[in-house]
Amino acid sequence: MPEITEAQLAATIDHAILKPEFTRADVDAELSIAREWRVFSVCVRPSDIPHAVDRLAGSGVAVGTVIGFPHGTTSTAAKVAEARAAIEAGATELDMVVNIGWLRSGFDDAVVEDIRAVKDAAGSRVLKVILETSLLDEEQIARGSRLTEAGGADFVKTSTGFAGGGATVPHVRLMRENVSDAVQVKASGGVRSLATALEMLDAGATRLGTSGSATILGELRSILAGGTAAGRVDESSY
């Protein structure tokens, strides 16, 4: 029996609504899932922020978005402009993709400056930095985690979900080991089942990015009610 309540698990989930092909009807269906399961937040495409804010008003579900998504290679000025526009539209959390090429090249000062500029624009809003761990080796993941903290971000995050691979327990542990308690870890990409979600939390993640929220929380609800839904995986999620 999992030692977590449905409300506790829901409070760790950022429900991802980021697929580029989603229509407005698709977005609305996902926003309804977020509202129904009372997840912590949704993470929507920048152009969907005003609509999500309106649809989720009064639900208690926060609205977040992505910056420099999915490759992280836009200029710092462009990321700052995106951050400011997202906040003006109503976003309260920002998930920024690190400049992966700079990180792999060892341009540490540039990586920190890029993160710090977006954090300055974000102000008191939560900033998460996506490393895209599937494209990095362990040294780069560890260094990227430390640079994330040096740039003032609130979270270091594994993946976009769009570069192949995704969160792994060893990578989450490695990230947790390379930041202080002031920085949290978000596991995202491939979190499609209750078992995986619980593994990521046990490894040190405090937030989960997934589009499989209904599957994960539905399985937990069934187990806590005495059902036998263990082992469900949402293969359509990311």
Asker: Checking Val172 against Val169 for the side-chain contact (heavy atoms from CB on, under 4.5 Å) test, could you report, in this order, the C-alpha distance in whole Å, the side-chain angles of both residues, the deciding distance, and whether it holds?
Answerer: CA-CA 5 Å; Val172 169; Val169 166; 5.8 Å; no
Asker: Do Leu56 and Leu31 touch side chain to side chain, with heavy atoms closer than 4.5 Å?
Answerer: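 Yes, side chains in contact.
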Asker: Should Met175 and Ile141 be marked as a side-chain contact (heavy atoms from CB on, under 4.5 Å) after you check the CA-CA gap, both sets of side-chain angles, and the distance that decides it?
Answerer: CA-CA 7 Å; Met175 293 160 71; Ile141 293 169; 3.6 Å; yes
Asker: Under the side-chain contact (heavy atoms from CB on, under 4.5 Å) test against Ser145, which residue among Leu174, Val185, Leu131, Val129 passes?
Answerer: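 When side-chain contact (heavy atoms from CB on, under 4.5 Å) is applied between Ser145 and each of Leu174, Val185, Leu131, Val129, only Leu131 qualifies.
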Asker: If we only count heavy atoms from C-beta on, is the Thr76 to Asn99 side-chain gap below 4.5 Å?
Answerer: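 In short, these two side chains do not touch, never coming nearer than 4.5 Å.
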Asker: Please step through side-chain contact (heavy atoms from CB on, under 4.5 Å) for the pair Leu18 and Cys43, ending with a clear verdict.
Answerer: CA-CA 7 Å; Leu18 296 167; Cys43 188; 4.3 Å; yes
Asker: Which residue pairs pass the salt bridge (Lys or Arg N to Asp or Glu O under 4.0 Å) test with at least one member in residues 147-164, sequence neighbours excluded?
Answerer: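 Residue pairs with at least one partner in residues 147-164: Asp95-Lys157, Lys119-Asp154.
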Asker: Find out if a path of hydrophobic residues (ILVMFWY) with successive side-chain heavy-atom gaps under 4.5 Å connects Phe40 to Val156.
Answerer: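 In one cluster with Phe40: Val156, no.
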Asker: Could you check whether any side-chain heavy atom of Thr148 comes within less than 4.5 Å of a side-chain heavy atom of Val98, counting everything from C-beta outward?
Answerer: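 When only atoms from C-beta onward are counted, Val98 and Thr148 do not touch, as no gap falls below 4.5 Å.
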Asker: Quick one: are Leu9 and Leu194 in side-chain contact, heavy atoms under 4.5 Å?
Answerer: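 Yes, close enough: below the 4.5 Å cut-off.
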Asker: Identify, with sequence neighbours excluded, every residue that meets side chain to side chain donor-acceptor pair (under 3.5 Å) alongside Asp26.
Answerer: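 With neighbours one apart ignored, the set is Thr23.
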Asker: Do Trp37 and Glu6 have side-chain heavy atoms sitting under 4.5 Å apart?
Answerer: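 Yes, at least one pair of side-chain atoms sits under 4.5 Å.
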Asker: With a 4.5 Å cut-off on side-chain heavy atoms, are Thr210 and Thr196 touching?
Answerer: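 Answer no - side chains too far apart.
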Asker: So, taking the atom named CZ in Arg45 and the one named NZ in Lys19, what distance separates them when rounded to the nearest 0.5 Å?
Answerer: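 The NZ atom of Lys19 is 11.5 Å from CZ of Arg45, to the nearest 0.5 Å.
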Asker: To the nearest 0.5 angstrom, please state how far the OG atom of Ser59 sits from the CZ atom of Arg38.
Answerer: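 That separation rounds to 9.5 Å.
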Asker: Any side-chain heavy-atom pair from Thr133 and Thr168 closer than 4.5 angstrom?
Answerer: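 They are not in side-chain contact.
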Asker: Less than 4.5 Å apart, side chain to side chain, heavy atoms only: is that true for Ile115 and Val111?
Answerer: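 Sidechains of Val111 and Ile115: in contact.
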Asker: Might you work through the salt bridge (charged side-chain N to carboxylate O under 4.0 Å, His left out) test for Arg207 and Glu93, ending with a clear yes or no?
Answerer: CA-CA 12 Å; Arg207 196 78 68 85; Glu93 297 201 347; 2.9 Å; yes
Asker: Distance from Glu219 atom CD to Leu224 atom CG, nearest 0.5 Å?
Answerer: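 Interatomic distance, Glu219 CD to Leu224 CG, rounded to 0.5 Å: 10.5 Å.
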Asker: Name the one of Val53, Val27, Ile17 that satisfies side-chain contact (heavy atoms from CB on, under 4.5 Å) with Val44?
Answerer: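 The single option meeting the side-chain contact (heavy atoms from CB on, under 4.5 Å) with Val44 is Ile17.
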Asker: Side chains of His15 and Ser213: do they bring a donor and an acceptor to under 3.5 Å?
Answerer: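 The answer is yes; a qualifying pair exists.
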Asker: May I ask you to list the residues sharing a hydrophobic cluster with Phe155, side-chain cutoff 4.5 Å, ordered by chain and number?
Answerer: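 Joined to Phe155, directly or through intermediates: Val126.
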Asker: State the OG-CD distance between Ser193 and Glu199, to the nearest 0.5 angstrom.
Answerer: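 Ser193 OG to Glu199 CD: 7.0 Å, rounded to 0.5 Å.
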Asker: Could you give the distance from CZ (Arg116) to CG (Leu147), rounded to the nearest 0.5 Å?
Answerer: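 Those atoms lie 10.5 Å apart.
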